[in-house]
Amino acid sequence: MTDVDPRRFDLTVEQAIAQQQALRSRVVLAPPPGFAPRLVAGLDVSMERFGDVGYAGIVVLEQPGLRTVDEASAVAPLRFPYVPGLLSFRELPLIVDVWDRLRTRPDVLIFDGQGIAHPRRFGIACHGGVLFGVPSIGCAKSILVGRHGTLGAERGSRAPLEHRGEIVGMAVRLRDRVNPVYVSPGHLVDLETAVDVVLAASAGYREPETTRRAHRLVNEERRKAKS
DNA sequence: GCGACAG
DNA sequence: ATCTTGTCGC
């Protein structure tokens, strides 16, 4: 069998889909023994309206306390279009650049997007987790695939996200009376663990602090680059 | 064939 | 994702 390189991104849409099909079997949906992440990372990418340049960033928070202990960013051209289901081919190349600049080695990565709650069960969190060989979680603001029932109005309320007869994620409310986020395992975690990690990384806002700070970082870098 | 469709 | 001011609600 031909080796499939999760770091190869210069592909056509058809090849990218085949890549996902080939890499999905590498995903492990179970946490390492005694998994208790201390360094939790948030990853994000921002860009201008019709721009083809992306600003990527990673912020590492320490648990408990959620204090920022490390961060890094990078800017590079976006070489793949946004195609629903193929987000990782657009954003991961930039994330890899940032990863190489990051001095800290996080215990878990929280991506802005889906994990296995994906048509081929290989969202950006799975791809990133497999590529770096680190536990990862997908935490998205909207659904790519699947449906869920109603959930309570309080923080901590949840409802399973189901797709084609499988539970692929969880709608989780991080703040009272505010729209939930969609959590799904990326790599080296199970759904329960993923939900626990995201809840523990949140502090009164719709999204976890990891995502919020990574988002802030990349937008500051983008603003900084314009002037 | 007609919609849906992470960021 | 991004473009954008004010405005409604706690």
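The chains referred to below are lettered A, B, ... by the order of the sequence lines, with proteins before strands, and numbering in each begins at 1. Reckoned from all heavy atoms, side chains included, excluding hydrogens, waters and symmetry mates.
- Expressed to the nearest 0.5 Å, how far CG of A:Asn179 lies from NZ of A:Lys141 amounts to 12.0 Å.
- Under the stacking criterion of a centre-to-centre distance below 5.5 angstrom and an interplanar angle below 30°, A:Tyr82 is not stacked against the six-membered ring of C:dA1.
- Nearest approach of A:Cys126 to A:Val27, heavy atoms of both residues: CB-CG2, 3.9 Å.
- Looking at the side chain of A:Glu91, the nearest of the listed nucleotides B:dG7, B:dC5, C:dT2 is B:dG7.
- Among the heavy atoms of the strands, none lies under 4.0 Å from A:Asp176.
- The CD atom of A:Glu48 sits 20 Å away from the P atom of B:dG7 (whole-angstrom rounding).
- Checked against a 6.0 Å centroid threshold, the rings of A:His127 and A:Phe111 do not count as neighbours.
- The existence of a salt bridge linking A:Lys224 and A:Glu220 is excluded, since no basic side-chain nitrogen approaches an acidic carboxylate oxygen closer than 4.0 Å.
- Regarding contacts with the backbone of C:dT2, a side-chain N or O of A:Arg222 is found under 4.0 angstrom from either OP1 or OP2.
- Following rounding to the nearest Å, A:His163 (NE2) and B:dC5 (P) show an atom-to-atom distance of 13 Å.
- Between A:Glu166 and A:Arg121 there is a salt bridge, with a side-chain nitrogen of the basic residue lying less than 4.0 Å from a carboxylate oxygen of the acidic one.
- Among the protein residues, A:Gln114 comes within range of the nucleic acid bases, having at least one heavy atom under 4.0 Å from a base atom.
- Here the P atom of nucleotide B:dG7 and the OH atom of A:Tyr182 are 10 Å apart, to the nearest Å.
- The side chain of A:Ser46 places no N or O atom within less than 4.0 Å of a non-bridging phosphate oxygen (OP1 or OP2) of B:dG7.
- Note on A:Gly138: nothing from the nucleic acid sits closer than 4.0 angstrom, heavy atoms only.
- For B:dA6, neither phosphate oxygen OP1 nor OP2 lies less than 4.0 angstrom from any side-chain nitrogen or oxygen of A:Lys141.
- Taking only side-chain nitrogens and oxygens, A:Asn219 never comes nearer than 4.0 Å to OP1 or OP2 of C:dA1.
- Distances were taken from every side-chain heavy atom of A:His215 (C-beta onward) to each of C:dA1, B:dA6, B:dG7; the shortest belongs to C:dA1.
- Between C:dC10 and A:Arg175, no contact under 4.0 Å exists linking OP1 or OP2 to a side-chain N or O.
- Looking at heavy-atom distances under 4.0 Å, A:Arg147 makes no contact with the nucleic acid at all.
- Taking atom CZ on A:Phe89 and atom C1' on B:dG7, their separation rounds to 15 Å, with Å as the unit.
- We find that CZ of A:Arg120 is positioned 13 Å from P of B:dA6, with the value rounded to whole Å.
- Base contact: A:Ile124 has a heavy atom under 4.0 Å from a base atom.
- When the P atom of B:dG7 is taken as reference, atom CD1 of A:Ile110 falls 15 Å away, rounded to whole Å.
- One can place CD1 of A:Ile143 at 10 Å from P of B:dA6, the figure rounded to the nearest angstrom.
- Residue contacts for A:Leu78: at a heavy-atom cut-off of 4.0 Å it reaches no nucleic acid atom on any strand shown.
- Relative orientation of the A:Phe9 and A:Phe89 rings is perpendicular, given thresholds of 30° and 60° on the angle between their planes.
- Across the protein-nucleic acid pair, A:Leu86 atom CG and B:dA4 atom P stand 20 Å apart, rounded to whole Å.
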